[in-house]
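Numbered from 1 within each chain, the chains take letters A, B, ... in sequence-line order. It should be emphasised that the depicted structure is a prediction, and the values quoted were computed from it without experimental measurement.
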Amino acid sequence: GAVVSQHPSWVICKSGTSVKIECRSLDFQATTMFWYRQFPKQSLMLMATSNEGSKATYEQGVEKDKFLINHASLTLSTLTVTSAHPEDSSFYICSVTETAKNIQYFGAGTRLSVL
Amino acid sequence: AQRVTQPEKLLSVFKGAPVELKCNYSYSGSPELFWYVQYSRQRLQLLLRHISRESIKGFTADLNKGETSFHLKKPFAQEEDSAMYYCALSAGGGNKLTFGTGTQLKVEL
């Protein structure tokens, strides 16, 4: 399966700053990646579908201006949390999808703590 | 809209005992069902999918369309099975997954 690298694994930032999270597919060309958010002891909630070379598709209730997604190449998607606030503190996980097999391979996640 | 329900947050069994992790779904069409597992300090990974109809690490899951269920079973639990298990559904194209809330399986000696 695909090897997915997510960076950073943990970030602490001040309220009002922006944070960028990277998701790299190391051995697989991914036209589609997904971004999830997971609150403590809760399930993964899909935030958006990241499409290489085009705009991301956001799930209902997710602010696209708050969570900027860029998928400029087949191996890299980035999620930028703009003007972060404490309520944005969460665990963010990306995945790479092997479209033909409908299988997702997950990154290790990024824990964001906004002070 | 689709929904996945895992009624048990925690399931504790003794080593060697049978395991059944429950998963029910709601979707009007023909979904594809998956079980993903997350071992301690590791990332989420695919355990099995219903279309493969295979046994992975002794686990099996059968899609029951009548009961809209996809329960995960293993006849004899092992200590290394302790993990968080998520049932997930993919439907409508686009490869998107809807996850259940997960069940923490704890296998005790």
More than 12 heavy atoms of other groups within 6.0 Å of A:His7 NE2:
no
By a 4.5 Å heavy-atom criterion (distance strictly below it), what part of B:Glu32 contacts chain A: side chain, backbone, both, or neither?
side chain
In this structure, are over 12 heavy atoms from other groups packed under 6.0 Å from B:Glu67 atom CD?
no
In this structure, would A:Phe28 and A:Met33 fall into the same cluster of hydrophobic residues linked by side-chain contacts under 4.5 Å?
yes
Please determine whether residues A:Phe91 and A:Tyr36 belong to a single hydrophobic cluster, defined as Ile, Leu, Val, Met, Phe, Trp and Tyr linked transitively by side-chain heavy-atom distances below 4.5 Å.
yes
Counting only heavy atoms not in B:Phe76 (residues, nucleotides, ligands), do more than 12 fall under 6.0 Å from its CZ?
no
Same cluster for B:Leu89 and B:Trp35 if Ile/Leu/Val/Met/Phe/Trp/Tyr side chains link at under 4.5 Å?
yes
Heavy atoms only: give me the nearest A:Ile103-B:Arg49 pair and the separation to one decimal.
CD1-NH1, 3.8 Å
Can you measure from OG1 (A:Thr49) to NZ (B:Lys96) and round to the nearest 0.5 angstrom?
5.5 Å
Quick check on the hydrophobic clustering: are A:Val11 and A:Trp35 connected, directly or via other members, by side-chain heavy-atom contacts under 4.5 Å?
yes
Return yes when atom NZ of A:Lys66 has more than 12 non-hydrogen atoms of other residues, nucleotides or ligands closer than 6.0 Å, and no otherwise.
yes
Please flag which part of A:Gln6 lies under 4.5 Å from any non-hydrogen atom of chain B: side chain, backbone, both or neither.
neither
Among residues 106-115 of chain A, which ones touch chain B with a heavy-atom distance under 4.5 Å?
A:Phe106, A:Gly107, A:Ala108
Counting only non-hydrogen atoms closer than 4.5 Å, does A:Tyr105 touch chain B with its backbone (N, CA, C, O), its side chain (CB onward), both, or neither?
neither
With a 3.5 Å distance limit and no angle check, can you tell me whether B:Tyr86 reaches the backbone of A:Leu44 through a side-chain donor-acceptor pair?
no
Atom CD of B:Gln42: over 12 foreign heavy atoms under 6.0 Å:
yes
Same cluster for A:Val19 and A:Phe67 if Ile/Leu/Val/Met/Phe/Trp/Tyr side chains link at under 4.5 Å?
yes
Mind checking which of residues 52-63 of chain A sit less than 4.5 Å from chain B, heavy atom to heavy atom?
A:Glu59
Heavy-atom pairs under 4.5 Å with chain A are the metric here; pick the option from B:Leu46, B:Thr101, B:Ile51, B:Leu97 that has the most.
B:Leu97
Over 12 non-hydrogen atoms of neighbours within 6.0 angstrom of CD in A:Gln29:
no
Mark yes when over 12 heavy atoms from residues, nucleotides or ligands other than B:Met84 sit less than 6.0 Å from its CE; otherwise mark no.
yes
B:Asn95 and A:Gln104: which non-hydrogen atoms are nearest, and at how many Å?
O-NE2, 2.8 Å
